[in-house]
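Scroll down for the structure; my scribbles are underneath it.
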Amino acid sequence: MKSWSKRELGLSALVVLAAVIAPYVVAQFLGRLLPGSATLFLLFLYAWIAALVMGTPFFLWARQGRRIWPWILGLAVCLGLLLLLATDLNAADDLLAVITGYHNNEATGFLLLFAMLTCGGMLFGVALAAAVAWVLRKIDY
């Protein structure tokens, strides 16, 4: 296994940022075009766009022999922390109020939902990319 260069680590950080921003932008655009009954479709699309944005470059890096498991582990820990935070919405709201300065339980719930969708999609994309790259590498030998 090859270690990551500084350039690749910088690019991977940009990919993570793009995976957070891209679903929001696409959902905002499609939300204006689609009727109000398409909310579940937009939530489904939210996770899949994050998976696609994360999976594509990580598949290429996994094919080059880069270690992907630390990214999978980090995303799994982040998703677990978000799920733990979602078990007590009042505590999550208090924690968010320290940053924002105001309390809003409903907004906190939706923020956690979108964060879980994004993080889950990113985790699925990286895990799928690593699995497919591993299978293809075994076929190449």
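Values below: all heavy atoms of this structure, side chains included; hydrogens, waters and symmetry mates excluded. Just so you know, these numbers come straight off a predicted model, no measurement behind them. In this chain, numbering begins with 1 at the start of the sequence shown.
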Are any side-chain N or O atoms of Arg137 and backbone N or O atoms of Gly65, one a donor and one an acceptor, separated by less than 3.5 Å?
-> no
Decide yes or no for Leu43 and Phe114: does some side-chain heavy atom of the first lie under 4.5 Å from some side-chain heavy atom of the second?
-> yes
Same apolar cluster: Leu60 and Val132, side chain cutoff 4.5 Å = yes
Are Phe124 and Val53 joined in one hydrophobic group, where the rule is that I, L, V, M, F, W and Y side chains link up if heavy atoms are under 4.5 Å apart?
-> no
Could you tell me which residues satisfy ring pair (Phe, Tyr, Trp, His ring centres under 6.0 Å) with Phe59, sequence neighbours excluded, listed by chain and number?
-> none
Give the cluster check for Leu112 versus Leu84: same hydrophobic cluster or not, with ILVMFWY residues linked at side-chain heavy-atom distances below 4.5 Å.
-> no
Between Leu45 and Leu33, is there a shared hydrophobic cluster once you connect ILVMFWY residues whose side-chain heavy atoms come closer than 4.5 Å?
-> yes
So how far is it from Leu40 CG to Tyr46 OH, rounded to the nearest 0.5 Å?
-> 15.5 Å
Same cluster or not: are Leu117 and Phe44 linked, directly or through other Ile, Leu, Val, Met, Phe, Trp or Tyr residues, by side-chain heavy atoms under 4.5 angstrom apart?
-> no
Note: Ala62 and Ala130 closest approach over all heavy atoms is CB-CA, 4.4 Å
Verdict with reasoning, Trp4 to Trp71, per side chain to side chain contact (heavy atoms under 4.5 Å, CB included) = CA-CA 12 Å; Trp4 291 73; Trp71 286 96; 3.6 Å; yes
Rounded to the nearest 0.5 Å, the CD1 atom of Ile72 sits from the CZ atom of Arg67 at a distance of 13.5 Å
Find the distance between CG (Leu82) and OG1 (Thr87) and round it off to the nearest 0.5 Å.
-> 11.0 Å
Can you tell me how far CG of Asn104 sits from CZ of Phe110, rounded to the nearest 0.5 angstrom?
-> 10.0 Å
Can you measure from CD1 (Ile49) to CG (Leu30) and round to the nearest 0.5 angstrom?
-> 7.0 Å
How far does CD1 of Ile68 sit from CG of Leu73, to the nearest 0.5 angstrom?
-> 13.0 Å
Residues 108-133 vs side chain to side chain donor-acceptor pair (under 3.5 Å), sequence neighbours excluded, gives Asp93-Thr108
Indicate every side-chain donor-acceptor pair of residues 12-27 with a distance under 3.5 Å to a residue at least two apart or in another chain.
from: Ser12; atom 1: OG; to: Glu8; atom 2: O; distance (Å): 3.2
from: Ser12; atom 1: OG; to: Leu9; atom 2: O; distance (Å): 2.7

In terms of heavy-atom contacts, does CD of Glu106 have more than 12 from other residues, nucleotides or ligands at under 6.0 Å?
-> no
